[in-house]
Amino acid sequence: MKKHLIIACLALLSFTAIPFITQAQTIKVSGEVTTPLTIDAAYLQKLAPTTVTRKDRDGKDHTYTGVILAEILKNAGVTLGPELKGENLTKYLQVEASDGYQVIFALAELDKSFTDRTIILADKVDGQPLAPGDGPYRIIVQDEKKPARCIKQVTAMQVHFVK
Amino acid sequence: MNTGKKQNLFAKVWLKKSHTLLVLFIFMILLSGLSFTSNPVETGPYNLVYPANFGNRISIPADNPTTKQGVYLGRMLFYETRLSANNTLSCNSCHQQNKAFTDGLALSKGVDGVLTPRNSMSLANLLWARKFFWDGRANGLEEQAVTPLTNPHEMGQSLAISAQKLSKTATYPTLFKLVYGDEHITGDRIVKAISQFERTLISANSRYDQYQRGAYKPTDDELKGMELFNNGPQPEKGIRGANCGHCHGGPKTYMELFHNNGLDSLPKDSGIASFTHLQTDQGRFKVPTLRNIALTAPYMHDGRFKTLAEVVDHYSDHILESASLSTFLRGESNEVGGKSLKLLPIEKKQIIAFLNMLTDSTFINNPEFADPNSLTAKTKH
């Protein structure tokens, strides 16, 4: 009981005692873009929400809500849609998490004219904000068997040409 | 008499010639004296050799290609105490080869006697690293090297003064010319050469490496330890594990990740959060390489653990909760519904046996990485 109390106090302290920790996480979109973006909660609010259901590590289906990744990239001026041909097919999106973990998607994997699979940048799970260890933003890849590219705590997205 | 004159002339010419010969001779001796120091310096591109399974995601800036002469100069500078304010410290003071380039101390003393805020880090396979320091704040070796050189609590001397001091020596101007084409010594050239040397510090011959290329048969304990290290615990399926590989995995035991591994609920050193100002980055530090880990005690960013046994106990039984604790360490247990890993005493021993497999004696005894001054000292005696 005592131990719980101490932990509760520590947890409280950790939120109050360190006042400079006030920033909210944002996502920088850069690289082969015409308009670099900084995405935050207000930015996502302006785009149409999409929902994807997938199983998490607990084996249960969860409903993730967010924005289709390609929509964000289009706003940044990434060569999707009719422009996704020729050398633009050698471009990829690199997504980075706050722990330094990185995954990539070929642009064609994200484009509706290539695939019906939906890939979103989610900020909610089952209607609630993502847990701190997963969010505030997480990529959700519909139907992908392994969760390894459902990258959590996203901090940056860069579009590059393969060298 | 004509012949006599001729002979005379001949004699004079010969004498003149012998003069020039003498001058030439003396010059040669002087030159050989100089080249006594520069003789061992091979020149040309440096061939970085490493196993294929390390991958080629290496970082060498375009403006600092690795050359044999650059690596030689960098090695001289790595061991050069003139680069410190009171001529007592070099990089080697806190990064000693026999300890896999650490210093055996929790915190290290700088030129002013003040302790560094964090534990000295092992320098191995930096070729594959992109972010340096416990909080990854330096983006590249060149940028990194400026800090220990100029920080008042480390070597404490401006790059300009370091360049000046080296310019006044007999050997360095010649060496800088060999590397950069002219004798001009600058801070930029100093850090570039040091970085070239650091890129050659490749450790790839531990028993683990030998095992991976089929040249070593691990003991039963090592093999069990390796399994535990790489497996996540799945008590429902009867799979026991310690999940270390999730953060420390791969052939290099380094993946360039940054996590809070549950050392404190309220970290004194906020790690990455000190510049991101994010709650979720509190107490997040670089997941360091485990290469040569048996040689690099004490452990963690503040050197709090003296032995590997203490480290394994921490992961098994003493992970502390906080908002930024890595999700990889949450709810991982070898007991169904358990809160901590709960490794058995024998399993802890097996993990430590595996960690000892990561010791690379070729690396710590490689004469190419040793103090070049102490080597010449040895041959002189």
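Labels below follow one simple rule: chain letters A, B, ... track the order of the sequence lines, proteins then strands, and each chain is numbered from 1. Heavy-atom basis, side chains included; hydrogens, waters and symmetry copies ignored.
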Check A:D99 against B:R284 and note the closest heavy-atom contact, atom names and distance.
N-NH1, 3.8 Å
Heavy-atom count check: over 12 atoms from other residues, nucleotides or ligands less than 6.0 Å from A:D116 CG?
no
Honestly, the part of B:F328 sitting under 4.5 Å from a heavy atom of chain A is side chain
Which answer fits B:K286, side chain, backbone, both or neither, if we ask what part of it has an atom under 4.5 Å from a heavy atom of chain A?
neither
Against chain A, label B:S322 side chain, backbone, both or neither, depending on which of its atoms sit under 4.5 Å from a heavy atom there.
neither
Measure B:T276 against the heavy atoms of chain A and call it side chain, backbone, both or neither at under 4.5 Å.
backbone
Rounded to the nearest 0.5 angstrom, the NE2-OH distance for B:H259 and A:Y101 is 10.5 Å
Hey, what do you get for CD (A:Q153) to CG (B:D281), rounding to the nearest 0.5 Å?
7.5 Å
Rounded to the nearest 0.5 Å, the CD atom of A:Q25 sits from the OG1 atom of B:T280 at a distance of 6.0 Å
Could you tell me whether B:R130 and A:E96 make a salt bridge, using a distance below 4.0 angstrom between a side-chain N and a carboxylate O?
no
